[in-house]
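Fair warning: this is a prediction, and the values are worked out from it, not measured in the lab. Whatever order the structure lists ligands and atoms in, that order sets their numbers, starting from 1.
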Amino acid sequence: MEVIANADELIPFRGCAFVPTMGALHDGHLSLIREAKKTGKPVVVSIFVNPEQFAPEEDLEKYPRNLEQDCEFAKSVGADIVFAPSVETMYPSAPENICLPKSATQPQLEDACRPTHFRGVCVAVARLFDIVQPVVTVFGLKDYQQYLVIKQLIAQEGKRWENLKIIGAEIIRDADGLAMSSRNAYLTTDQRSQALGLHKALHCTSEQSMLEILDDHGLEVEYAVIRDAQTLLSPIDNKPTRALVAARLGHIRLIDNAELPT
Ligand code: PAF
């Protein structure tokens with residue numbers, strides 16, 4: 001496996017399967033790489049802690065960075081290239097003034113809780129797609145709104161990434177049901193039992209009962225909603241729905257979601 005920092009060195013890998021990450025890889029990320037591997041294309045994994053998607057209070061400096069270990073993990077599941085660009089390579093000039101898809105501004109979920117977040121995500125992902133020029137990209141459904149935002153961004157930009165397909169990879173959970181996240185490492189044993197409230201809430205069929213479960217687990221709820229699975233707006237009769245939750249445990253912010261039975 002090669003580690004590349006310059007955009008030009010990626011030219012031979014155009015047409016790859018691409019997994020964008022911010023590093024701190026865990027089993028959830030490895031499942032995205034395995035999914036990319038199934039396409040039979042060379043797999044490029046990017047590791048870039050994107051300053052544009054952190055709000056000032058979100059502590060960019062404390063974000064865990066361990067390139068060597070991340071490369072070992074990526075290699076262990078068959079990644080062909082790790083692309084680890086510098087901030088200068090990613091943003092040689094001011095970040096693009098990108099037009100945000102509706103799913104990044106209308107649902108009032110992550111977009112309301114982290115108002116500058118999706119602009120930063122879209123700017124980084126657009127730049128990565130321009131550099132890497134993949135034909136397939138894999139995003140985790142754990143960040144369900146992000147997955148929809150990127151799906152819409154690809155569609156909206158038309159010819160820019162004309163043949164690019166997006167795969168949404170299923171959420172990977174620990175045996176107790178907690179969705180894998182780099183933030184789980186910060187949870188104490190007690191907080192971990194509280195955090196299980198998120199997964200339990202996703203089995204409910206009403207927003208009221210979701211809120212009750214989250215509350216019983218001592219979680220500070222940011223949202224607990226049932227929405228249309230495509231638009232993330234109010235559910236429409238007979239259309240697939242998704243339950244989505246975001247809650248805080250002290251400084252730790254956790255999100256989760258699940259498809260609801262029709
Ligand atoms: O999901 C992430 O890790 C990031 O938002 C992404 C897609 C790598 C963009 O920086």
Legend entry - Working for side-chain contact (heavy atoms from CB on, under 4.5 Å), residues D174 and H199: CA-CA 11 Å; D174 280 327; H199 182 228; over 6 Å; no
Inset, instruction - Check whether any heavy atom of F48 sits under 4.0 Å from an atom of ligand 1. - result: no
Taking 4.0 angstrom as the limit, do [X] and [Y] come out as a salt bridge?
{"X": "R248", "Y": "E222", "answer": "yes"}
{"X": "K200", "Y": "D216", "answer": "no"}
{"X": "D130", "Y": "R160", "answer": "yes"}

Legend entry - Top protein contact for atom 9 (C) of ligand 1, by heavy-atom distance: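 Protein heavy atom with the smallest distance to atom 9 (C) of ligand 1: Q53 OE1, 3.3 Å.
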Legend entry - Distance from atom 2 (C) of ligand 1 to nearest protein heavy atom, with residue and atom: Q146 NE2, 3.9 Å
Legend entry - Approximate separation, where rounding is to 0.5 Å, of F18 CZ and L128 CG: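 That separation rounds to 4.5 Å.
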Legend entry - Winner among T21, V125, I47 once heavy atoms are compared against atom 8 (C) of ligand 1: T21
Inset, instruction - Check each atom of ligand 1 against the heavy atoms of F139 and keep those under 4.0 Å away; list them by number with element. - result: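 Counting from 1, the qualifying ligand atoms are 7 (C).
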